[in-house]
Amino acid sequence: MTERVCFLMQVRADRLPAYTAAHAVIWPEMQQALTETGWRNYSLFVRADGLVVGYLETDDFDAALAGMDAHAVNDRWQAAMAPFFPAADGDANTRPDQRMQRLTEYFHLA
């Protein structure tokens, strides 16, 4: 069964143009890792104040996260993205992919 996942993250508004530009050309090895670990129909949306809404479909989100965590390219990507995010609860060492705030789906019209 496909799991639909929606999450929120907050990007620094002053870094938003550079953040979106970084996503204009995703590294091929990052795209491959996402595909290999089950991230499908993956989209990111952003609001002018830096609120990011992510959506993806996967068979198992926890497994998809763990799969990405095992890829060295994900470490490099998270390090490259870290400057775009404010410190999480005062902890600047929390990677961006660990800051996802998953939303609960309560309605779906197919």
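Sequential numbering from 1 along the given sequence is applied to the chain's residues. Nothing here was measured: the structure is a model prediction, and the numbers come from that model.
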Is the side chain of [X] donor-acceptor paired with the backbone N or O of [Y] at a distance under 3.5 Å, no angle test?
X   : Y   : result
E3  : F61 : yes
R76 : M30 : no
S43 : Y55 : no

Taking only residues two or more places apart in sequence, or in another chain, which ones meet Q10 in a side-chain hydrogen bond (donor to acceptor under 3.5 Å, both in side chains)?
none
Return the set of residues passing side-chain hydrogen bond (donor to acceptor under 3.5 Å, both in side chains) with W39 (not counting sequence neighbours), or none when no residue passes.
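side-chain hydrogen bond (donor to acceptor under 3.5 Å, both in side chains) check on W39 returns T37.
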Could you identify which residues cluster with F107, counting Ile, Leu, Val, Met, Phe, Trp and Tyr as linked when any side-chain heavy atoms lie under 4.5 Å apart, either directly or through a chain of such contacts?
Y106, L109
In this structure, which one of Q78, R95, Q98 forms a side chain to side chain donor-acceptor pair (under 3.5 Å) with D69?
R95
Using the rule that two of Ile, Leu, Val, Met, Phe, Trp, Tyr join whenever any of their side-chain heavy atoms come within less than 4.5 Å, decide whether [X] and [Y] are in one cluster.
X    : Y   : answer
L103 : F45 : yes
M81  : L8  : no
L51  : V5  : no
V53  : F85 : no

Any non-hydrogen side-chain atom of Q32 less than 4.5 Å from a side-chain atom of V73?
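A side-chain contact is absent here, since even the closest heavy-atom pair is not under 4.5 Å.
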